Every structure is written in structure tokens, then in C-alpha cells.
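All values derive from a computational prediction rather than experimental measurement. Residue numbers run from 1 in the order of the sequence given.
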Amino acid sequence: MSTDRSDQLRAIRDAIVNLKSSPLYEYRVSNRYFPVIGQGDHYADIMFIGEAPGKNEAETGRPFCGASGRVLDELLKSIDLKREDVYVTNILKDRPPNNRDPLKNEIELYTPFLEQQIEIIQPKVIATLGRFSMEFILRHFGAYQSNQKISQLHGTVVKARTNYGRVSVVPLFHPAAALYNSSQRETLEKDFQVLKQFDAPAQPGTMRLL
């Protein structure tokens, strides 16, 4: 296996492109959608993880490229970061019909790809975007406690352990929440300040789509 991070991430992309066993594969093909693998610096200290691509994302193959993506860019700018300084992806790599919640079998199918992305990029912090992503990541790393809600954990730092070492998980509200509620925008801006302690890029950021 190649030790180059870009080569390893391309291998993930190629596997997902040809993932005919996915229950979302035919939906992707029939709508001429793209899988949405990820985007950003392959040496990023901060990885953002959402739930699943939406329509705009599936049409372009780029994560968080619609209205919520503009909010994300603005929030990054508020802490002096750009997209190319971080890595952005989702749990699912294909869009579910009508933006419904991911199904259990879909999560199980796509989880290994996300695990590989985390192991390749080795971020110091994983910022989860939304309740679904928060619960998934905390459970995945054995850091979830029953009855924990995003309303309680947003903007906090939860320590977890990966195969490559310690990682800090920072639960955040989904950027889309700021589109409909100005108070959520203020909360997101405040919570993003927590990320400033992790915002030194490992090397000059290079925007890569995969």
C-alpha cells in the first residue's frame, strides 16, 4: 500500500465510486450524482464530519458546498482558517433519497471508509457537525454516555483515543441551523473559538477534492 496520503485517499475514492453493493449506488447513478468523498488538506489538524451529502453536494461531488457550506466558510474565517486548512467529509459518502436520515446498513457500509480517512489524515481534533454526527463519532470512539445531547456538549472538548493516538472531539451544531436561527449562528461563532487552540496547519494547506 502506498504511504502517500493522497494516493491512499484516491484509493478510497475509487472504491466508493465503484461501490455497487451500496443501497445508494443506483440512486446515485440514476440521478447522475457523484459520491462525496471529502475535501481539504490531507495533513489537516482539524477534520469536520457531517452526516451525509445533500443535493448540492451530490451534484458537484463537494462536501458542504451549498448555503450551509457558505456558513461553514464564514465560521472558519472567523477563526482565521480557510477550507484548505482543514478537511471536510461526511459519514455517508452518497446522498440518501430526500435527505432522509442514514439507515443502519448504510452507516455500516460507509463507516470503514471514514475510519480509513481518519487514520490517513490523523487529525488532532474531529469537529462533528450536528447531532447525528456527534453521536456516531462519540459512540465510535467509546466516548458517548447515555442521555448526552448536543445542547449539552456543543463547544466542549471530549477526549478520545484512536489507533494513532489521542484525539479531541468537539461537537458543534450543524451550520444549516444558523440559516434559520440567528441565535444558533451566535452559538456557532462562540463554539468555533474552541477550535483556535488546534488551528495551526501541519503544513501549508492545499485544497484537494477527495
Side-chain angles (χ1 to χ4, degrees), residues 1-19 34-54 56-58 60-66 68-95 109-130 133-134 136-137 140-141 157 159-172 175 192 194-210:
M1 177 183 290
S2 171
T3 58
D4 181 79
R5 294 187 182 189
S6 296
D7 288 345
Q8 293 178 66
L9 290 166
R10 285 192 198 98
I12 293 173
R13 176 198 62 194
D14 294 344
I16 294 172
V17 166
N18 297 298
L19 194 64
F34 295 98
V36 182
I37 313 304
Q39 184 179 38
D41 186 357
H42 297 171
Y43 292 82
D45 285 339
I46 303 174
M47 175 184 281
F48 288 88
I49 300 177
E51 176 181 325
N56 289 327
E57 288 74 23
T60 61
R62 300 177 182 274
F64 287 85
C65 65
S68 61
R70 289 192 293 274
V71 173
L72 178 59
D73 288 344
E74 292 166 0
L75 291 167
L76 286 170
K77 185 177 180 180
S78 73
I79 56 171
D80 300 318
L81 285 178
K82 301 176 181 178
R83 277 285 187 108
E84 53 262 39
D85 297 325
V86 302
Y87 190 85
V88 184
T89 188
N90 289 290
I91 299 168
L92 263 59
K93 310 306 183 186
D94 280 299
R95 182 196 179 201
L109 182 68
Y110 287 95
T111 292
F113 297 113
L114 178 60
E115 290 175 334
Q116 291 174 56
Q117 287 176 303
I118 294 172
E119 290 293 322
I120 291 167
I121 295 170
Q122 299 186 11
K124 294 179 180 177
V125 58
I126 295 175
T128 60
L129 299 173
S133 177
M134 179 199 79
F136 173 85
I137 290 297
H140 183 72
F141 289 117
V157 178
K159 298 295 184 178
R161 181 169 291 280
T162 70
N163 291 333
Y164 62 85
R166 301 286 287 180
V167 67
S168 297
V169 179
V170 179
L172 299 167
F192 258 67
V194 175
L195 299 177
K196 294 195 74 170
Q197 62 188 295
F198 308 104
D199 67 2
Q203 62 180 33
T206 301
M207 180 71 92
R208 301 171 189 266
L209 181 58
L210 53 80

List for me each residue that meets side-chain hydrogen bond (donor to acceptor under 3.5 Å, both in side chains) alongside [X], sequence neighbours excluded, and say none if there are none.
| X | value |
| --- | --- |
| T162 | none |
| S68 | none |
| R10 | D7 |
| Q116 | none |

Are the side chain of [X] and the backbone of [Y] linked by a donor-acceptor contact shorter than 3.5 Å?
| X | Y | answer |
| --- | --- | --- |
| S133 | I49 | yes |
| E57 | R95 | no |
| Y164 | P123 | yes |
| T89 | I37 | yes |

Between E51 and L92, does the side-chain contact (heavy atoms from CB on, under 4.5 Å) criterion hold? Intermediate values first, please. CA-CA 6 Å; E51 176 181 325; L92 263 59; over 6 Å; no

Taking salt bridge (Lys or Arg N to Asp or Glu O under 4.0 Å) as the definition, give me every residue that meets it alongside E74, ordered by chain and number, with sequence neighbours left out.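 For E74, the residues satisfying salt bridge (Lys or Arg N to Asp or Glu O under 4.0 Å) (neighbours in sequence not counted) are R185.
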
For D73, give me all partners under salt bridge (Lys or Arg N to Asp or Glu O under 4.0 Å), at least two apart in sequence or on another chain.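 D73 satisfies salt bridge (Lys or Arg N to Asp or Glu O under 4.0 Å) with R83 once adjacent residues are dropped.
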
At what distance, to the nearest 0.5 angstrom, does [atom1] of [X] lie from [atom2] of [Y]?
| X | Y | atom1 | atom2 | value |
| --- | --- | --- | --- | --- |
| K196 | I46 | NZ | CD1 | 11.5 Å |
| Q117 | R5 | CD | CZ | 13.0 Å |
| I120 | Y43 | CD1 | OH | 10.5 Å |
| E84 | Q39 | CD | CD | 9.0 Å |

Where do [X] and [Y] come nearest, in terms of heavy atoms and distance?
| X | Y | answer |
| --- | --- | --- |
| D94 | A52 | O-CB, 4.5 Å |
| T60 | F34 | C-CD1, 4.0 Å |
| V170 | V157 | CG2-CG2, 4.1 Å |
| V169 | A160 | CG2-CB, 4.3 Å |
| A44 | I121 | O-CG2, 3.8 Å |
| A15 | F113 | CB-CE2, 3.9 Å |

Would you indicate whether the side-chain heavy atoms of [Y] and [X] approach each other to under 4.5 Å?
| X | Y | answer |
| --- | --- | --- |
| E115 | H140 | yes |
| I16 | I12 | yes |
| L81 | L195 | no |
| L76 | K82 | no |

List in chain and number order the residues that pass ring pair (Phe, Tyr, Trp, His ring centres under 6.0 Å) with Y87, two or more places apart in sequence or in another chain; answer none if no residue qualifies.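 So Y87 forms no ring pair (Phe, Tyr, Trp, His ring centres under 6.0 Å) with any residue.
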
Under the ring pair (Phe, Tyr, Trp, His ring centres under 6.0 Å) test, residues paired with F192 that sit two or more places apart: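 By the ring pair (Phe, Tyr, Trp, His ring centres under 6.0 Å) rule, F192 matches F48.
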
Classify the side-chain pair N90/Y110 by whether it contains a donor and acceptor separated by less than 3.5 Å.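 No - no donor-acceptor pair under 3.5 Å links their side chains.
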
Looking at residues at least two apart in the chain, or sitting in another chain, which of them share a side chain to side chain contact (heavy atoms under 4.5 Å, CB included) with F136?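 Listed in chain order: I91, I107, T111, L114.
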
What residues form a side chain to side chain contact (heavy atoms under 4.5 Å, CB included) with K77, not counting sequence neighbours?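 None.
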
Report the C-alpha separation of I118 and V167 in whole Å, then their side-chain angles, then the decisive distance to 0.1 Å, and conclude whether the side-chain contact (heavy atoms from CB on, under 4.5 Å) test is met. CA-CA 10 Å; I118 294 172; V167 67; over 6 Å; no

